[in-house]
Asker: 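Take this structure, written in structure tokens, and hold onto it; I'll ask about it next.
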Amino acid sequence: MVSSGNFFEAIQTVAEARPTMPLLELADGSVRTYPQMLERTAQLAHVLQTLGVRTGDRVAVQVEKSAEALFLYLACLRAGAVFLPLNTSYTQHELDHFFRDAEPALIVCDPSNADAIAARPSVGLARVISLDAAGGGELADLADDADKDFPTIAMEPGDLASLIYTSGTTGRAKGAMLSHRAIASNAMTLRASWSFSPDDVLLHMLPIYHVHGLFVASNTAMLGGGRMIFLPKFDAEIACASLPKATAMMGVPTFYTRLLACPAFTAAVTQHIRVFISGSAPLLAETFSRFEEVTGHRILERYGMTETGMNTSNPLEGVRKPGTVGLPLPGISVRVCNEMGDPVPPGEPGTVEVMGPNLFGGYWRLPEKTGEEFRADGFFITGDIGRLDADGYLEIIGRAKDLIISGGLNIYPKEIETVIDALKGVTESAVIGVPHPDFGEAVVAVIAASEPPDESAVQAALREDLAGFKLPKAIRFVPELPRNAMGKVQKNVLRKAFADLFTISGAN
């Protein structure tokens, strides 16, 4: 499908075969067609070149979600530039690291931030230009006068297409280098695995500064030739009103729990949906079951990360096992290994390792760190702890950094969380390890609950299912667990909040 290595050519081929088809339906009811996308990306690509962006240059983008923002991503690919999306919640101080590390040639931001960003020493020689939430601003004004035809720049498959920084919860964020090959292979695999076609309408309520909303949702829908109901953010009531017009929805687990809590959410509004897909954070088995009970739909859960795109997926046709993230996608190898890199037997926990054309090319300007994360045979060490069952389905237990070592014994938080989450009144839980003068680390359970159970009842329930060394030495109740923009529980925040829970005098 791709004549050179530029992934945009795959999108272009699909678009040219659909001269009248709608691509985006926006919140105001307006529509952007595939031909309009081709014209606008051509105009934006011309502007990029006019502003001095050359092949391989980074374009940093911190703007609200809009059709113009999506087209800017495609224009960067088309012009051979490297797209660098940035979370809209990042502060000026946080942006300094990305600007200094990536050294973008161009920074696109909201007009309200343009002057402040331009004044930051970290910006260096980069040009700063504005793009607002409505798709207006300096960039759009320049594009309006540009040529609507642009010869897509030929690229090699291994050339850099996007630089996406990891969350940095354990230190400075690292830039994952994603090639045209990696993005293209994953999008094509997902389109086939999830059967996306021109008949599909994807309800898109995810941000597009993240792999989930940008690559998994947008790329897959566009390669399928369908359209997207392209809304700025998730709102349960708006989702309920939009679902009857859609055939598919992708979201984080929080989307699904909020839908279940919405009075307007019924089986009737989901009758035209062929697949609900969840990712970016673990889906509770209780949410899976409750969703099926209410709608008759079994949510399809999959597993991926910034550095790899998607690695596994529960099948579109076949058994979707709650609590698992499915089977390896075609062309991708997944194994679970011990600390020495040797595969462990089915059912045994270990570190998840993956290999395939979806893998990133390494961390930007960090060759030593890159080398540490790959095995000699090419497998990437994800840092996730998981186990494969007898049928090859993968279950993610947690992150390696979340592993608790108490009294020399390994404790996997997910095992404890599963028991707590099943208790009446519990919304969700997070189990963390905090410093302890005797055990090294102590298990602490942080519980969000609508009706907090008695602490002794929690301990009693855990005692029935778990060994004594796994029992929490402290339980704390909170209104809700802290989350990042993609809905992942921020255990690093909890560890910091409860770091001083145990002292020499107060240890138990």
Side-chain angles (χ1 to χ4, degrees), residues 167 169-170 252-254 257 280-288 303 322-325 349-352 382-387 395-484 487-502 506-508:
S167 58
T169 55
T170 58
V252 299
T254 304
T257 57
S280 292
L283 183 74
L284 294 178
E286 179 185 346
T287 304
F288 181 95
Y303 161 67
T324 79
V325 290
T351 302
V352 179
T382 67
D384 288 319
I385 302 297
R387 55 184 161 222
E395 176 191 358
I396 300 298
I397 301 172
R399 290 289 293 170
K401 63 181 176 60
D402 293 332
L403 176 70
I404 302 168
I405 304 177
S406 184
L409 299 173
N410 289 354
I411 300 169
Y412 297 97
K414 182 68 174 178
E415 188 177 13
I416 305 170
E417 290 164 355
T418 298
V419 179
I420 296 174
D421 291 341
L423 297 177
K424 183 179 180 181
V426 172
T427 304
E428 61 182 339
S429 64
V431 171
I432 58 173
V434 301
H436 191 282
D438 187 20
F439 294 96
E441 281 188 298
V443 177
V444 175
V446 185
I447 302 173
S450 55
E451 298 177 12
D454 183 81
E455 183 171 334
S456 60
V458 176
Q459 292 285 17
L462 291 172
R463 234 177 253 113
E464 289 183 10
D465 295 321
L466 301 173
F469 73 89
K470 299 178 184 178
L471 299 179
K473 293 194 175 297
I475 295 174
R476 294 293 182 270
F477 295 98
V478 295
E480 60 182 7
L481 299 178
R483 296 182 179 277
N484 64 15
K488 293 182 180 180
V489 174
Q490 295 177 298
K491 288 192 173 182
N492 59 311
V493 173
L494 294 174
R495 282 191 288 265
K496 184 176 181 180
F498 296 105
D500 299 325
L501 189 59
F502 298 96
N508 54 28

Asker: Tell me the closest heavy-atom pair linking Phe502 and Val444, and the distance in Å.
Answerer: CE1-CG2, 3.8 Å
Asker: About how many Å separate CZ of Arg483 and NZ of Lys488, when rounded to the nearest 0.5 Å?
Answerer: 11.5 Å
Asker: Nearest 0.5 Å, what's the CD-CG distance between Glu415 and Leu462?
Answerer: 10.5 Å
Asker: I'd like to know if Asp402 pairs up with Arg495 as an ion pair, taking the criterion as any Lys NZ or Arg NE/NH1/NH2 lying under 4.0 Å from an Asp or Glu carboxylate oxygen.
Answerer: yes
Asker: Mind listing the closest non-hydrogen atom pair of Val419 and Ala461 along with its distance?
Answerer: CG1-O, 4.0 Å
Asker: Any sub-3.5 Å donor-acceptor pair from Glu286's side-chain atoms to Glu428's backbone N or O?
Answerer: no
Asker: Look up atom CD1 in Ile416 and atom CG in Asp421, then write down how far apart they are to the nearest 0.5 Å.
Answerer: 11.5 Å
Asker: Calculate, to the nearest 0.5 Å, the distance between atoms CG and CZ belonging to Leu494 and Arg476 respectively.
Answerer: 12.5 Å
Asker: For the atom pair OG1 (Thr418) and OH (Tyr412), what is the distance rounded to the nearest 0.5 Å?
Answerer: 14.5 Å
Asker: Taking all atoms of both residues into account, what is the closest heavy-atom pair of Ala449 and Pro453, and its distance?
Answerer: CB-CD, 4.2 Å
Asker: Under 3.5 Å, is there a donor-acceptor pair between the side chain of Thr382 and the main chain of Val352?
Answerer: yes
Asker: For Ile385 and Thr351: C-alpha separation, side-chain torsions, deciding distance, then whether side chain to side chain contact (heavy atoms under 4.5 Å, CB included) applies.
Answerer: CA-CA 5 Å; Ile385 302 297; Thr351 302; 3.8 Å; yes
Asker: Do Ile411 and Leu403 make a side-chain contact, defined as non-hydrogen atoms from C-beta onward lying under 4.5 Å apart?
Answerer: no
Asker: Go through it in stages, so that I can follow the logic: the residues are Gln459 and Ile475, the test is side chain to side chain contact (heavy atoms under 4.5 Å, CB included), and I'd like the CA-CA distance, side-chain angles, deciding distance and then a yes or no.
Answerer: CA-CA 9 Å; Gln459 292 285 17; Ile475 295 174; 3.9 Å; yes
Asker: Got a donor-acceptor contact below 3.5 angstrom from the Glu417 side chain to the Val431 backbone?
Answerer: yes
Asker: Return the minimal non-hydrogen interatomic distance between Ala448 and Pro479, and the atom names on each side.
Answerer: CB-O, 4.0 Å
Asker: Which heavy atom of Thr427 sits nearest to which heavy atom of Ser450, and what is that distance?
Answerer: OG1-N, 3.7 Å
Asker: Nearest 0.5 Å, what's the CD1-CD distance between Ile432 and Glu441?
Answerer: 9.5 Å
Asker: Can you name the closest pair of heavy atoms from Pro435 and Ala499 and give their distance?
Answerer: CD-O, 3.8 Å
Asker: Are any non-hydrogen side-chain atoms of Arg463 and Leu471 less than 4.5 angstrom apart?
Answerer: yes
